[in-house]
2 protein chains.
Amino acid sequence: MSSIRELARRCGVSVATVSRVFNTPEVVSQQTRQLVLGMAAEIGYLPNESARTLATKKSNMVGLVWDTDHRRPGWRHPFLQDILVALKGALSAHGLHLLMLAPDPGAGPGDPRRFLRAVQRHNVDGVVIIDNGSRDPAVLALADAEVPCVALDLRFTGPTCTYITSDNAGGGRLAAAHLIERGHRHIATITGPAGNWPAAQRLAGFREALTEAGIPLADGDVVTGDFYLDSGHAAMTRLLERDPRPTAVFAAGDEMAVGAIKAIREAGLRVPDDVAVIGFDDIEVAALVPPGLTTVTQDKTGFGTAAAESLMAMLAGTATPPEPTTLPTTLILRGST
Amino acid sequence: MSSIRELARRCGVSVATVSRVFNTPEVVSQQTRQLVLGMAAEIGYLPNESARTLATKKSNMVGLVWDTDHRRPGWRHPFLQDILVALKGALSAHGLHLLMLAPDPGAGPGDPRRFLRAVQRHNVDGVVIIDNGSRDPAVLALADAEVPCVALDLRFTGPTCTYITSDNAGGGRLAAAHLIERGHRHIATITGPAGNWPAAQRLAGFREALTEAGIPLADGDVVTGDFYLDSGHAAMTRLLERDPRPTAVFAAGDEMAVGAIKAIREAGLRVPDDVAVIGFDDIEVAALVPPGLTTVTQDKTGFGTAAAESLMAMLAGTATPPEPTTLPTTLILRGST
DNA sequence: CGGTTTCATGTAACCGATTACATCAGATGA
DNA sequence: TCATCTGATGTAATCGGTTACATGAAACCG
């Protein structure tokens, strides 16, 4: 691998000049520039990023902390793929690479500093956190990183931190309003795990809209799930035992909604005639599962692009981190309501 | 940020000793080791990875080249998420980080060296390529990287290269055998784009099994799709116009199979009674779309773990790259056949 | 007891870049 | 004509580690 010194020697110039050709080409003469670039192409010279990072303390890498919950092997964020595609695209456009960090081996598996340490060792210019509400201490510890941080789907603040979330409360309101408009007066909901902020917001918005419409929400009509399919099935089964039975259900996640539909079918009832179902997320299956799941969609691509933008703003050196971004949610009408 | 020299000074030892404490602790005395570790914890010292990489030429980073097809914004690999989860998990276990590389900005958008250059600049210890048969020159150029490379779902050979694929031919055979066993004698297929190797293998295995069973496959019963839903719908629509109409269809991808089911339904026919459908991939929707899609499943997690293992083998310094891995495919019976 | 090992540690070169500062030739201007 | 400015380039310190080699003390051994 040819170094800058080798290239400088071959060109008969100093290393400083070569460096300038690549970093501040405008200060070097046309003639020298072409000489160096030509020779660089000839011998296949490429600057070594580690050396540049060492010298400049800028790595052009953004750390990605993700999938931190080792206790749950099936952990997944519903939009991981969409977010990654958008995030990588947006960062690439700025010449930034995305480093998916392994926990620091020097810290034990339970050490809350295992990601912070990994971040600090690698001179990343910023960090993106993808979580879904686990509130893992190892994630929260990242607020201490003296580096711009953007968290997705997680309230996350700090002197150099901001976050992106969907308008979950608004989405919950949309769902309630839609069901009310469809004439339902007894509406149940399957919410997410206690302590999960997006789930709580969805429930809050939903409840608010019901209250405004003068529709009561009994405690027994609020059942907790864990966002996965089976929990939706189980929750719905319980709801169907209620007397009177709710005529509509708002599930705080599409997977749970699909599970609910399954349970309704198994009980010999029809969707939406006997029980209407509305979900949240608009995952791929929503469009494909019959009768088509009406749902509240999140701007999946927006997560990635907004994260990149917030990060770029902080990298540009604003004194205070950008305000948290709230992505709009919208209703997608399909057959289940 | 405290440096190794700072730490050495505070401990009253040389930088070499500090370095040894972290890299070859067995050669330094118990006493000194504890002194250094204690002080390191106290002042929060962490070694700088860029500096280590510069000195050792090992970065503990694996480059990930992915989503190279800029012409198709919706590009996606059916298993990207599963692969990433497994890959990251397996690499993390070995202390390796995954660097999702942006194309080198110094190369134009169409430059076939844009990924190779990014790889070379970053001192990555290895490269993983996720492709789905685009045969992008920028991907093929990576064979010249003097670094271990593992490609997923792509035949990719070279002095330091190997690849992981599913047993696509075997899967095609499984699909055919299953339909034959179900009594079908007129079976059509929706294949992938010309030049797509996995698709070609699936077709080959499928065709082979039919031939062995003495069942003809007319040219008109082979229709080409592009792996996406709409193409499956369109292909099936054409197949339904055939006279006689096939009684079963093998789609080389689940999304196309779902599209096919949709087309069959829209034509007023039933699945599987009028036309049976079998897919390939076992994506999430397969289980959820009624009547449940019978399909050939790939070992999604296996892609990630096998890639990590092949990579580790090459990093361990074997003279020749490991043989390509062929992951077994198996049949998943559901309601569509 | 002198010589050889062994163990712990130190010295200093090196990895490949960036960059503050110095230099120097030629152009400018009074 | 000489001082001054400008533009292009060079010198050398620096970033934060690793590691070959040197050193010196203690242990071992015939």
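All chains are named by letter (A, B, ...) in the order of the sequence lines, taking the proteins before the strands, and each is independently numbered beginning at 1.
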Look only at the side chain of [X] and the backbone of [Y], and say whether a donor-acceptor pair between them is shorter than 3.5 Å.
| X | Y | value |
| --- | --- | --- |
| B:D125 | B:S59 | yes |
| A:K300 | A:Q298 | yes |
| A:S92 | A:G95 | no |
| A:T56 | A:R52 | yes |

query: Can a side chain N or O of A:N23 be found less than 4.0 Å away from OP1 or OP2 on C:dT19?
result: no

message: Between B:S19 and D:dG17, is there a contact of a side-chain N or O with OP1 or OP2 at under 4.0 Å?
response: no

statement: The complete set of salt bridge (charged side-chain N to carboxylate O under 4.0 Å, His left out) pairs with one or both residues in residues 91-109 of chain A, sequence neighbours excluded, reads A:D104-A:R117, A:D104-A:R121

- request: Can you tell me which residue pairs pass the salt bridge (charged side-chain N to carboxylate O under 4.0 Å, His left out) test with a partner in residues 10-21 of chain B, sequence neighbours excluded?
  value: B:E6-B:R10

message: Would you call the rings of A:F79 and A:F303 parallel, tilted or perpendicular, taking 30° and 60° as the class edges?
response: tilted

query: Can you name the residues that form a side chain to side chain donor-acceptor pair (under 3.5 Å) with A:S19, not counting sequence neighbours?
result: A:N23

query: What residues, two or more places apart in sequence or in another chain, satisfy side chain to side chain donor-acceptor pair (under 3.5 Å) together with A:T326?
result: none

query: Within the structure shown, what part of the strands sits under 4.0 Å from A:V13 by heavy-atom distance: base, sugar-phosphate, or nothing?
result: sugar-phosphate

query: Looking across every strand, which nucleic acid part, if any, lies under 4.0 Å from A:F22 by heavy atom: base, sugar-phosphate, or nothing?
result: nothing

message: Angle between the two end axes of the helix from C:dC1-D:dG30 to C:dA30-D:dT1, five base pairs per end, rounded to 10 degrees?
response: 50°

task: Would you jot down, in residue-number order, the residues of residues 51-64 of chain A having a non-hydrogen atom under 4.0 Å from DNA chain C?
output: A:A51, A:R52, A:L54, A:A55, A:T56

task: Strictly below 4.0 Å, heavy-atom distances to any atom of DNA chain C: list the hits from residues 30-43 of chain A, or just say none.
output: none

query: In terms of the nearest nucleotide of DNA chain D, which residue is placed more toward the 5' end: B:S50 or B:T17?
result: B:S50

- line: On DNA chain D, more 5' by nearest nucleotide between B:A16 and A:V28 is A:V28

Distance-only donor-acceptor hits, side chain of residues 304-311 of chain B, under 3.5 Å, sequence neighbours excluded:
residue : atom : partner : partner atom : Å
B:T305  : OG1  : B:T301  : O            : 3.3
B:T305  : OG1  : B:G302  : O            : 3.3
B:S310  : OG   : B:A306  : O            : 3.3

Rounded to whole Å, how long is the line connecting atom [atom1] of [X] with atom [atom2] of [N]?
| X | N | atom1 | atom2 | value |
| --- | --- | --- | --- | --- |
| B:E26 | C:dA8 | CD | P | 10 Å |
| A:N48 | D:dC15 | CG | C1' | 13 Å |
| B:R5 | C:dC14 | CZ | P | 15 Å |
| A:R9 | D:dG10 | CZ | C1' | 17 Å |
| A:Y45 | C:dG16 | OH | C1' | 7 Å |

Summary of side chain to side chain donor-acceptor pair (under 3.5 Å) pairs that have at least one residue in residues 152-162 of chain B, sequence neighbours excluded: B:H77-B:D153

- prompt: Got a sec, which residues hit side-chain contact (heavy atoms from CB on, under 4.5 Å) with B:E323, two or more places apart in sequence or on another chain?
  reply: none

Counterpart residues, ring-ring contact (aromatic ring centres under 6.0 Å, His included), relative to A:Y45 (two or more places apart): A:F22

message: From the set C:dT9, C:dA17, C:dA12, return the single nucleotide nearest to any side-chain atom of A:P47.
response: C:dA17

Nearest listed nucleotide, side chain of A:I4, among C:dT9, C:dT18, D:dT18: C:dT18

Report each atom pair, protein N/O against N/O of nucleotides 22-25 of chain C, whose distance is under 3.5 angstrom.
none

task: Please determine, by modelled atom types, if B:S50 and B:T53 share a side-chain donor-acceptor pair under 3.5 angstrom.
output: no

